[in-house]
Asks: 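My structure is below; once you've seen it, I'll send some questions.
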There are 2 protein chains.
Amino acid sequence: MSTTGGVVRRSLLDDLATSMLALIAERKLAPGDQFEAVRSLAERFKVAVPTVREALRRLEATGAVELRHGSGVYVGPNVGRLVLANPLALAPSPDRLVELLQARALIEPPVAALAAQTRAEAALEQMAKDLDAAADLIASGDHAQLAEVNMDFHRSLAQASGNATLAEVVESVTVVNAREQLEILHIHGDRQADLDEHRAIYDAVRSGDADLAELLTREHLDGVLAVINERLQHP
Amino acid sequence: MSTTGGVVRRSLLDDLATSMLALIAERKLAPGDQFEAVRSLAERFKVAVPTVREALRRLEATGAVELRHGSGVYVGPNVGRLVLANPLALAPSPDRLVELLQARALIEPPVAALAAQTRAEAALEQMAKDLDAAADLIASGDHAQLAEVNMDFHRSLAQASGNATLAEVVESVTVVNAREQLEILHIHGDRQADLDEHRAIYDAVRSGDADLAELLTREHLDGVLAVINERLQHP
DNA sequence: ACATGAAAATGATCAGATCACTTGGTCATT
DNA sequence: AATGACCAAGTGATCTGATCATTTTCATGT
């Protein structure tokens, strides 16, 4: 935001972007709904098409809208979100990877404890589905897909806390190159043990045992961290 | 990322954006450095100017680059960041505000404990500066500025943990409409008490007392939360 | 040295055109 | 009637080329 002596100079683009967001909010459009054609927007706001497109690209970058070729402009999944993973992040260095896991090991256990107190039902069911899916994928040997589902479990767990902001934080810190993280894990980690630990966490949350949920989550992530560290030291 | 049967269709824009990021990385450019002119980029990548601009807008949205009218394209402050606050977030609802504080009350205490163990020197000095600045601003009565500096203290505290990812998380969850949060606080909160609590946290971190730092941070944020809740119930 | 002001560099915006993809309907085939 | 091939309209993607606005640079004159 460029300022000069406290006075904010809003460019045409700033106005456009916020106006379009306001338009989405005004029409009460939800993620997935179709928005409005580029040409139509250009006419509505009395600006040229390239200008509209630049504004849309800005919104698109944070998942506020989606541009689908040949189809239209749609409301994106991240409208109204406060915290998000940098969609442009490049593959993290090994140091950054360890740091990321440390951050998760610090944040997720208390979130699990809160989840055990709140127990948002929809999220609990999602956790159960994630566990089932993981079991299937272990059997079928699809490790890439398994990695995704395991991450989904952690996200569902955060959802169960009932705090959308916390869920966003966990989602952000969890979505960052899941591939890289779990590439390592699935070479050297014990997939079945992972699943068992997830199941234990689920049971603790389901039964409302906050202390146990926190403890199990901490042990689980510390274990993951240990595997990663070991792997990085013996490449 | 649009996929069809597992095959990723990268649009020209996707390629452009990542190529430009790679170019920045390759040249080892740091935030604030000048990048390259739009027309020059268009020529380099053999695409039209509007296309380059759309890609730049995408990067700009997450703070990877900055476009300064008449001056040039510069590397932004968020290059290489993993987690960030949604720059398009609108003012959070009261519910969302409470949720945000709850998230902070959950995350920041263990971060403070870690900071007391790590004690990154540069961040400790920054904390001291923030405290001094806050004292001055209380004296001068500049509440708006005081709100900012108080947030800075929390960010510096997270920096002291030595974990950049955690610092990013705290920064993200802290930057979201500091204005709204502290508008409430500074009408009904006790500014001097706030400062004293910050000082106590600083002392605990400085002396390496992790448990105390965690406890004080928790009490501090719970206090803030109580003020916010009270304020929202009696408008 | 300093201030002034023109010139160059650069981003912002516009206009109109063409290409590429998606979608829904038509229509022949089965 | 169900199915599939095909076509046409709607819409995003990209290009070309120009003009305006802001910043920076630097020669010029005092």
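Chain letters run A, B, ... following the sequence lines, proteins first and then strands; every chain starts at 1.
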Asks: Please, which pairs that meet ring-ring contact (aromatic ring centres under 6.0 Å, His included) have at least one residue in residues 78-107 of chain A, sequence neighbours excluded?
Replies: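 Listed once each, the pairs would be none.
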Asks: Taking atom C1' of D:dA13 as reference, at what distance in whole Å does atom CD of A:Glu66 sit?
Replies: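 For the pair A:Glu66 CD and D:dA13 C1', the rounded distance is 16 Å.
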Asks: Return a single string for nucleotides 6-14 of chain C, one symbol per nucleotide in 5' to 3' order, where B is base contact, S is sugar-phosphate-only contact and - is none, cutoff 4.0 angstrom on heavy atoms.
Replies: ---BBBBBB
Asks: Among residues 19-30 of chain B, which contact DNA chain D at a heavy-atom distance under 4.0 Å?
Replies: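 The answer is none.
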Asks: Applying side-chain contact (heavy atoms from CB on, under 4.5 Å), name anything that partners A:Arg119, two or more places apart in sequence or on another chain.
Replies: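 Here the qualifying residues are A:Leu124, A:Val205.
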Asks: Any pair with a residue in residues 152-173 of chain A that passes ring-ring contact (aromatic ring centres under 6.0 Å, His included), sequence neighbours left out, goes on the list, sorted by first then second residue, please.
Replies: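 Applying ring-ring contact (aromatic ring centres under 6.0 Å, His included) to every pair that reaches into residues 152-173 of chain A, excluding sequence neighbours, yields A:Phe153-A:His198, A:His154-A:His198, A:His154-A:His220.
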Asks: By salt bridge (charged side-chain N to carboxylate O under 4.0 Å, His left out), which residues pair with A:Arg81, not counting sequence neighbours?
Replies: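 Salt bridge (charged side-chain N to carboxylate O under 4.0 Å, His left out) list for A:Arg81, sorted by chain: A:Glu171.
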Asks: With A:Glu168, which residues qualify under salt bridge (charged side-chain N to carboxylate O under 4.0 Å, His left out), at least two apart?
Replies: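 Result, salt bridge (charged side-chain N to carboxylate O under 4.0 Å, His left out) vs A:Glu168: B:Arg96.
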Asks: Using the ring-ring contact (aromatic ring centres under 6.0 Å, His included) rule, collect all pairs that involve residues 78-101 of chain A, keeping only residues at least two apart or in two chains.
Replies: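 Listed by first then second residue: nothing to list.
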Asks: Which distance, rounded to the nearest 0.5 Å, do you find between the CG of B:Leu41 and the CD of B:Glu36?
Replies: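 Atom-to-atom, B:Leu41:CG and B:Glu36:CD are 4.5 Å apart.
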Asks: Roughly how many Å is it from CD in B:Glu43 to P in D:dG17, rounded to a whole number?
Replies: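 Answer to the nearest Å: 13 Å.
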Asks: If you look only at distance, which donor and acceptor atoms sit under 3.5 Å apart when one is on a side chain in residues 130-138 of chain A and the other is two or more places apart or in another chain?
Replies:
residue, atom, partner, partner atom, Å
A:Asp130, OD1, A:Gln126, NE2, 3.1
A:Asp130, OD2, A:Ser156, OG, 2.7

